[in-house]
Amino acid sequence: MTLRPSASHLAAALAGGLVVLVGLAAGGLLAPLRTGPPPTATPSPTLPPSPSPSPAFVDGASIGRPDAPLEIEIWADFQCPFCRLLSHGIEPDLVRTYAATGRARITFRDFAFLGQESLDAAVAARCAARQDAFWRYHDLLFASQQGENQGAFRREVLLSLAGFAGLDGPTFAACLDEPAVAAAVAAETAEGRRLGIDSTPTLRLVGPGGSELLRGLVGFDVIGATVERLARPAPGGASPAPSGGSPAPSGGSPTPNGSSPTATPDALTRRPRPGSGGELLAPRRHRRLSGTMPPMASTLRYLGHGTVLLDLGGLRILTDPLLRPRLGPLERQVPPLRPTDHAGVDVVLVSHLHHDHCDRPSIARLDGNPIVVGPPGTRRLLDRPPAVVELEPGGSHRVDGWRITATPAAHSGFRPPLGPRSVALGFLLDDGRRRIYVAGDTDLFPGMRALAPLDLALLPVWGWGPTLGPGHLDPVRAARALALLHPRRAIPVHWGTYWPRLVGRLAHRRLAAPAVAFVSAAREIAPQVELTPLRPGSAAVRLD
């Protein structure tokens, strides 16, 4: 028997959806559809970059002397926008400083995990290597990015790039069709996973002092410090076994182990704290226990939109929970969250009462009875037990040694269409050693200077949809905020997660653009700040 909804059920569903849609529009969430163009993240495919430096020793995907004392492996995906930033920014400096001087050998490694076009591009680069043109073709591929699996690396484009690089066309085309080349790419990706590679870009450095993984777009000074450390033999004269397994040989491909490439989130880290190496850790799922607890590492996980999970040495804080796959016209464009992704939350921070930051069904999903800290009106809106703390800007509340202070925010606090009308907040978390700023939704405002200096700033860099409305930070304005806040480290949020169904399926071409544009602007405006953009739903990153 087929069950059909009754007319009353349909009417109720339509009415509920209409209320959410009207609320999103009145709250400024549909304003992005009426304003300027999205940020530009990648150049035109026809615009070639400058060729990489060419030292004396170039062998396929390797640059440097074969007997160099240290190996620098660049594990990357040609569709990864952060890998493009590394290839056009840090990679030439690595070649000039280490490969050209004989101090290290640099080898590009395939971690082709973002889809079919990642595999096709990696195959094409290997075919170019057969004609001694790997690095030139490598540069052209990164300059041709247009989003994941959007046709930038379809066959005719790969052939066109081969012509631009001066390759023999028939030979190159025949190579593209060789199954053994694709198998070699898959084998190297599987070998990377065995070595502990789980995101791109990742640098793997192997030397007399051992091996180390640097995940993300780390600063050149961090790479240099790691090179110096690994260039020295380990104490006692014995070199420790490389972390994650033995290094792959510099020539040829690792032996396949039967694994197939699977998409995992990218992470980007610039200038992590000494010793951290931008390390990504599995999220710690726990409930606080009574009595004495051993010290715990502090970690952060970006779940998507404005939702961040902070584990601060035993205190688990969740910001602006939006845990559902859909909200009105918005659809989550990244893998859905599981209950274990947000289990054991102690404190919920609600920056303002808009539907996408104070989502009642999402807060109701949380286990236990976490404290909810938000602006006036939060208690009435949530209809929860008394474990709701309402703060005006400047007010504070202390939980387990952390003082949570409400800060101003340049953003509307009215929850459409019927209210309540309140204020929008940011939050400053301070335990006497660390200062963490959770900006919520805001635009630039002069009072940001009063929050400096900071250890960590969580800054919104976009919203959802193709354009951005008032009361928000865009990538450039978020970079300017860094100059006011003076954080040691910053993580962009409020990007790459939701897209309106009514606008079409263009999301995958634009979701990563705000983070890439933010990194580019921040390099110019606040180069001293560590940057750690994480893809929504990615693994946790260590904070100390």
Side-chain angles (χ1 to χ4, degrees), residues 52-53 55-76 86 89-111 135 187-188 190-255 257 267 269-282 295 297 530 541-544:
S52 298
F57 296 93
V58 178
D59 179 18
S62 296
I63 303 178
R65 299 179 62 91
D67 59 348
L70 191 131
E71 180 85 12
I72 300 176
E73 298 175 354
I74 301 174
W75 290 84
L86 183 144
I90 294 176
E91 191 176 90
D93 290 336
L94 292 177
V95 171
R96 283 190 293 267
T97 304
Y98 297 112
T101 60
R103 298 179 62 190
R105 180 176 172 89
I106 297 174
T107 299
F108 184 92
R109 298 288 189 190
D110 286 311
F111 197 73
W135 292 99
E188 190 156 274
E191 175 67 7
R193 194 170 285 111
R194 186 184 71 80
L195 292 172
I197 311 299
D198 58 6
S199 61
T200 57
T202 293
L203 299 183
R204 183 170 183 264
L205 287 74
V206 183
S211 71
E212 189 165 335
L213 297 180
L214 299 180
R215 293 176 171 87
L217 191 61
V218 296
F220 189 80
D221 55 345
V222 175
I223 300 172
T226 307
V227 167
E228 296 301 325
R229 183 168 61 254
L230 296 181
R232 298 189 297 268
S239 299
S243 60
S246 59
S250 59
S253 302
T255 302
N257 63 8
T269 306
R270 186 154 66 87
R271 297 184 62 196
R273 296 180 75 172
S276 73
E279 183 180 6
L280 294 175
L281 305 176
E530 304 171 19
V541 63
R542 187 164 180 163
L543 298 180
D544 55 11

Handout entry: Value rounded to 0.5 Å, distance of CD in Glu212 from CD1 in Ile223
Key = 11.5 Å
Handout entry: Flag, side chain of Arg232 to backbone of Glu228, donor-acceptor distance under 3.5 Å
Key = yes
Exercise for the section: Mind listing the closest non-hydrogen atom pair of Trp75 and Thr200 along with its distance? Expected result: O-CG2, 4.0 Å
Problem - Any side-chain heavy-atom pair of Asp59 and Arg105 under 4.5 Å - result: yes
Problem - Over all atoms of both residues, closest heavy-atom pair of Ala231 and Pro208 - result: O-CG, 3.7 Å
Problem - Test item: Leu203 and Ile74 side chains (from C-beta on) under 4.5 Å apart, heavy atoms - result: yes
Handout entry: Val95 vs Trp135 side-chain heavy atoms within contact, under 4.5 Å
Key = no
Problem - Point-to-point distance, once rounded to the nearest 0.5 Å, from OG1 of Thr97 to CD1 of Ile90 - result: 11.5 Å
Exercise for the section: Write down the atom of Phe220, the atom of Leu94, and the distance for their closest heavy-atom approach. Expected result: CE1-CD2, 3.7 Å
Completion exercise
One should read off an interatomic distance between Ile197 CD1 and Leu213 CG, to the nearest 0.5 angstrom, of 4.5 Å
Problem - Val206 to Leu230 - nearest heavy-atom pair and separation - result: N-CD1, 4.5 Å
Practice task
Salt-bridge test for Arg109 and Glu191: reply yes if a basic N is under 4.0 Å from a carboxylate O, no otherwise.
Solution key: no
Exercise for the section: Give a yes or no answer on whether the side chain of Glu73 reaches the backbone of Arg204 with a donor-acceptor pair at less than 3.5 Å. Expected result: no
Problem - Over all atoms of both residues, closest heavy-atom pair of Ala104 and Ala68 - result: C-CB, 3.6 Å
Practice task
Locate the shortest heavy-atom distance separating Tyr98 from Ile72; write the atom from each residue and the value.
Solution key: CD1-CD1, 4.3 Å
